[in-house]
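Counting from 1, the numbers follow the sequence of the chain as shown. Values below: every heavy atom of this structure, side chains too, minus hydrogens, waters and symmetry copies. A quick note: this is a predicted structure, and the numbers were derived from the prediction, not measured.
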Amino acid sequence: MDFQLTDEQRALKDGTRELLAGRFGRDRLRAAVEDPGPDRALWRELGAAGFFALRLPEKDGGVGLGLPEAVLVLEEAGRALLPGPLVACQLLAGVVDGVATGEKTVGLCEGAREPVLWEHPAGCDELILVEGDEEEGARERTGGAYRSASDRVSCAPFASVDPLTPLARVLDLPRTEPVALDVPRLRREAALLTAAQQLGSAVRTVEMAAGHAREREQFGAPIGSFQAVKQLCAQMLIRAEMARSAVYAASITESVLDITGAKLLADEAAVRNARDCLQVHGGMGFTWEADVHLHLKRAWLRAECWGAAGEAEELLAADLIA
């Protein structure tokens, strides 16, 4: 079986990167730090490009592609640090009217964990809450889902480590409008698409570290010629490629354990690569003006979404000894 990307998948990935580079370059990224709400004009452009309707059937106005293609698109979004409820809008494009075209944004909360956190509360038109506990002996949680208009949700501000991702703590949501969703599948796909974003960030920090190591000179030579720096960059690349293999494979199998392992590897790659990228940049990497800290803070936040490391390790260990 050939697991290489097809020509169409490569074109999709390259096209997404080109679109984001043209519409969300570094100037827009730094502006978003000060105003992190979703840019509605950009959101509509993404909708027109099929970003959110990627997996909807063509008869419903979608693109008709699958989970592997969604992973490629979210990987590029993670690479660009594009802010907004991307995973929620990708998964709920066929559930909430207007999301597929980018006219509306929707949030998605995991109600089985405390605190219940809502990303970009001021920028969402609706919120969907998924609930349910893990059944004894089960590999994943079951449960239901409820939707509500954003102005009917009681919430309180919550400090976010990522300046590009404002958070609110959900205090109460009226459970009067249930939504017919396959909640276990939704959770699996949310974890995988989050892992894809982490992968994109991990790959980008490899590029940033290698680029800086080629340009920065010390003792009359590029610092990339020093063995210690070479080793750091090589380890970063290994982590990113291991995560890529796991994430791409999980998008094919859609197995609970494969997705759990992929999320664990992608989280580790994103966090550790950002730390090592900061190390390669030296004192400059610690400054607000450098973008390295934005990747690290986003990686920290995403690592706690849809399955933290401790939960993933317990699940994988339980399968090994079963």
Minimum side-chain heavy-atom gap [X]-[Y] below 4.5 Å:
X      : Y      : result
Pro174 : Tyr146 : no
Gln218 : Phe226 : yes
Arg28  : Leu42  : yes
Leu67  : Glu254 : yes
Phe158 : Pro115 : yes
Val153 : Trp118 : yes
Arg204 : Met208 : yes
Val63  : Leu56  : no

Salt bridge (Lys or Arg N to Asp or Glu O under 4.0 Å) evaluation trace for Glu311 with Lys263 = CA-CA 11 Å; Glu311 299 170 13; Lys263 175 70 163 51; over 6 Å; no
Kindly give the heavy-atom pair with the smallest separation between [X] and [Y], and that separation in Å.
X      : Y      : answer
Arg214 : Pro222 : O-CB, 3.7 Å
Phe24  : Pro83  : CZ-CD, 3.2 Å
Gly307 : Asp267 : O-OD2, 4.1 Å
Leu108 : Ala88  : CB-CB, 3.6 Å
Ala191 : Ile259 : CB-CG2, 4.0 Å
His212 : Val280 : CD2-O, 3.6 Å

Identify whether [X] and [Y] are in the same connected component of the hydrophobic contact network (ILVMFWY, side-chain heavy atoms under 4.5 Å).
X      : Y      : answer
Val96  : Leu86  : yes
Leu91  : Val179 : yes
Leu92  : Val170 : no
Phe51  : Val99  : yes
Val130 : Leu127 : no

Crowding at CG, Asp182 (>12 non-hydrogen neighbours, <6.0 Å) | yes
Do other residues, nucleotides or ligands put more than 12 heavy atoms under 6.0 Å from Gln235 CD?
-> yes
Inspect the contact between [Y] and [X] and indicate whether a charged nitrogen and a carboxylate oxygen are less than 4.0 angstrom apart.
X      : Y      : value
Arg79  : Glu75  : no
Glu268 : Arg239 : no
Glu241 : Arg244 : yes
Arg40  : Glu103 : no
Glu69  : Arg55  : no
Arg152 : Glu177 : no

Can you tell me how far the [atom1] atom of [X] sits from the [atom2] atom of [Y], to the nearest 0.5 Å?
X      : Y      : atom1 : atom2 : value
Leu199 : Leu193 : CG    : CG    : 12.0 Å
Leu54  : Leu65  : CG    : CG    : 5.0 Å
Leu81  : Leu29  : CG    : CG    : 6.0 Å
Arg298 : Ser160 : CZ    : OG    : 9.0 Å
Asp319 : Thr260 : CG    : OG1   : 9.5 Å
Leu74  : Glu76  : CG    : CD    : 10.5 Å

Stepwise salt bridge (Lys or Arg N to Asp or Glu O under 4.0 Å) test for Asp39 and Arg23 | CA-CA 11 Å; Asp39 182 330; Arg23 300 294 186 271; over 6 Å; no
If only atom types and distance count, is the side chain of [X] paired as donor or acceptor with the main-chain N or O of [Y] below 3.5 Å?
X      : Y      : answer
His281 : Cys277 : yes
Thr16  : Leu12  : yes
Gln197 : Arg302 : no
Thr165 : Asp162 : no
Ser150 : Cys124 : yes
Gln9   : Thr6   : yes
Arg175 : Leu173 : yes
Thr101 : Gly98  : yes
His120 : Gly84  : yes

Hey, mind stepping through Leu82 and Leu164 against side-chain contact (heavy atoms from CB on, under 4.5 Å) and telling me if it holds?
-> CA-CA 9 Å; Leu82 181 66; Leu164 290 163; over 6 Å; no
Between Arg30 and Glu289, is a salt bridge (Lys or Arg N to Asp or Glu O under 4.0 Å) present by the stated rule, with each step listed?
-> CA-CA 9 Å; Arg30 300 306 298 201; Glu289 289 74 16; over 6 Å; no
Who are the ring pair (Phe, Tyr, Trp, His ring centres under 6.0 Å) partners of Trp306, not counting sequence neighbours?
-> none
Might you work through the side-chain contact (heavy atoms from CB on, under 4.5 Å) test for Leu192 and Val71, ending with a clear yes or no?
-> CA-CA 8 Å; Leu192 183 60; Val71 161; 3.9 Å; yes
Take Glu114 and Arg169 through the test salt bridge (Lys or Arg N to Asp or Glu O under 4.0 Å) and record every step on the way to the result.
-> CA-CA 9 Å; Glu114 283 292 339; Arg169 180 174 184 171; 3.6 Å; yes
State yes or no: are the ring centers of Trp43 and Phe52 separated by less than 6.0 Å?
-> yes
What residue among Leu296, Leu117, Leu167, Thr194 forms side chain to side chain contact (heavy atoms under 4.5 Å, CB included) with Leu301?
-> Leu167
Asn273 and side chain to side chain contact (heavy atoms under 4.5 Å, CB included): which partner among Leu237, Leu278, Thr205?
-> Thr205
